[in-house]
Amino acid sequence: MPVRSTTVVVSEEVGAALACREPVVAMETSVLTGGTYPHNLETALAVDQRARDEGAVPARVALVDGVLRVGVTDTELELLAKGPAEGKISTRDMAVALHNGATGGTTVSSSLVGAVEAGIRVFAVAGIGGVHRGAEVSFDISADLTEFSRSPVAVVCAGAKSLLDPALTLEYLETAGVPVIGYRSDEFPGYYTRTTGCPVPHRLDDLEDVVGVMHKHWAAVSASSVLVTHPISEEWSIDSDLLNSMVASALEEARATGASGPDLTPFVLSAIAQATDGRSALVNRAVLESTTRLAARLAVVEASVRSQHRMDAKERT
Ligand code: PSU
Ligand code: MN
């Protein structure tokens with residue numbers, strides 16, 4: 001019996017979908033708890049709706065009263081959005097938060113723990129954590145990457161957060177043996193921007209092929225994540241030179257004020273929000289909606305491939 005299962009509670013809706021092998025998409029909640037009410041709640045509800053529109057059940061992972069919940073009710077979502085809740089609980093913080101009976105948003109790393117425990121195979125996020133710029137000095141590498149190396153989940157994202165180093169992040173993913181697949185794209189995207197100049201190691205244009213690779217990876221290679229990258233639309237993409245200069249000056253400011261570690265992302269994101277007159281919040285929502293839509297479609301295809309396999313197996317016996 002895994003130790004984790006005593007502290008993971010799956011919601012009725014998510015549990016029913018999983019029991020019937022219906023498509024489910026897991027999501028983190030630290031973007032919600034780190035956002036501003038009510039905009040953060042509206043975004044979360046709109047994003048959940050995108051998953052439903054495509055035929056999948058959204059499963060938000062969060063810590064509520066010291067329980068790792070997979071699927072939260074609307075009331076709990078509102079509570080998390082309003083605060084006071086802990087903003088950013090990563091795998092490093094989770095045991096202490098569980099022990100203290102805390103309520104808060106989980107990062108990608110700790111949300112993956114819940115998703116894996118519940119048996120969810122698809123996860124959606126806007127930008128993953130990764131290797132930070134200057135990590136060769138700061139050693140700042142997100143726990144998301146560690147968790148990818150041991151979580152058999154397909155993670156659909158628009159690349160790594162824009163303040164990170166995309167080339168170093170790809171190097172780390174290669175070391176961890178995590179496949180990175182560009183869905184209908186050749187370049188590793190940069191979250192707010194379509195271009196980073198880094199090619200993705202593999203490209204696939206068909207969701208059936210993506211599912212085939214996921215299943216092959218888990219059956220024959222390892223129980224790590226499979227990253228599926230889906231760039232932001234042309235309409236919302238911020239020019240990469242402009243974005244890089246905004247990130248560079250925000251990082252400079254962070255250094256001057258001493259913001260580092262887990263505080264760095266919120267600091268840089270709020271500086272970018274100011275520099276773009278709030279447009280970045282809209283961009284963030286657009287990215288989340290688009291990765292969630294693709295993740296839901298992937299979950300639908302994955303569920304149907306799995307049910308086909310079961311029927312084939314039955315026929316053979
Ligand atoms: N993307 C955002 N804002 C965030 C995050 C991602 O726009 O706050 C969160 C995710 O939950 C991700 C985490 O898992 O940041 C990684 O943080 P760090 O780099 O401190 O490990
Ligand atoms: Mn960090």
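What you are looking at is a predicted structure, and each value in this text was computed from that prediction instead of being measured. All residue numbers in this chain count up from 1 along the given sequence. Every number for a ligand or one of its atoms is a count from 1 in the order of the listing.
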Answer side chain, backbone, both or neither: which part of Thr107 comes under 4.0 Å from ligand 1, heavy atoms only.
both
Could you list which atoms of ligand 1 come closer than 4.0 Å to a heavy atom of Tyr191?
1 (N), 2 (C), 7 (O)
Counting heavy atoms under 4.0 Å, the part of Val108 that contacts ligand 1 is both
Relative to ligand 1, is Leu269 under 4.0 angstrom through side chain, backbone, both or neither, heavy atoms considered?
side chain
For Thr106 and Ser111, does a side-chain donor sit closer than 3.5 Å to a side-chain acceptor?
yes
Any atoms of ligand 1 less than 4.0 Å from a non-hydrogen atom of Val31? List them with their elements.
2 (C), 3 (N), 4 (C)
Pair Asp93, Ser90: side-chain N/O donor-acceptor within cut-off below 3.5 Å
yes
Closer than 4.0 Å to some heavy atom of Gly127 - which atoms of ligand 1 meet that?
1 (N), 6 (C)
Please indicate whether any nitrogen or oxygen in Thr106 is less than 3.5 Å from any nitrogen or oxygen in ligand 1.
no
Donor-acceptor side-chain pairing of Glu28 and Ser30 below 3.5 angstrom:
yes
By atom name, which N, O or S atom of Asp140 is the nearest to the Mn ion (ligand 2)?
OD1
Of the listed options (Arg92, His132, Lys161, Glu28), which comes nearest to atom 15 (O) of ligand 1 when hydrogens are ignored and any heavy atom counts?
Lys161
Under a 4.5 Å cut-off applied to non-hydrogen side-chain atoms, are Leu243 and Tyr191 in contact?
no
Taking only heavy atoms of Lys88 into account, list the atoms of ligand 1 that are under 4.0 Å away from them.
13 (C), 15 (O), 17 (O), 18 (P), 20 (O)
Please work out which of Val283, Leu32, Asp144 has its closest non-hydrogen atom nearest to atom 14 (O) of ligand 1.
Asp144
Arg50 bridged to Glu54 by N-O distance under 4.0 Å
no
What are the atoms of ligand 1, with element, lying closer than 4.0 Å to any heavy atom of Ser30?
8 (O), 9 (C), 10 (C), 11 (O)
Expected output: side-chain Asp206 to main-chain Glu208 donor-acceptor under 3.5 Å
yes
For ligand 1, which is the ligand I care about here, please tell me if Ser142 has any N or O atom under 3.5 Å from one of the ligand's N or O atoms.
yes
May I ask you to test the Tyr192-Leu242 pair for a side-chain heavy-atom distance under 4.5 Å?
no
If the threshold is 4.0 Å, N to carboxylate O, is there a salt bridge linking Arg60 and Asp48?
yes
In this structure, does ligand 1 have an atom that sits under 4.0 Å from one of the heavy atoms of Ser90?
no
Side-chain contact, heavy-atom cut-off 4.5 Å: Pro152 with Val116?
yes
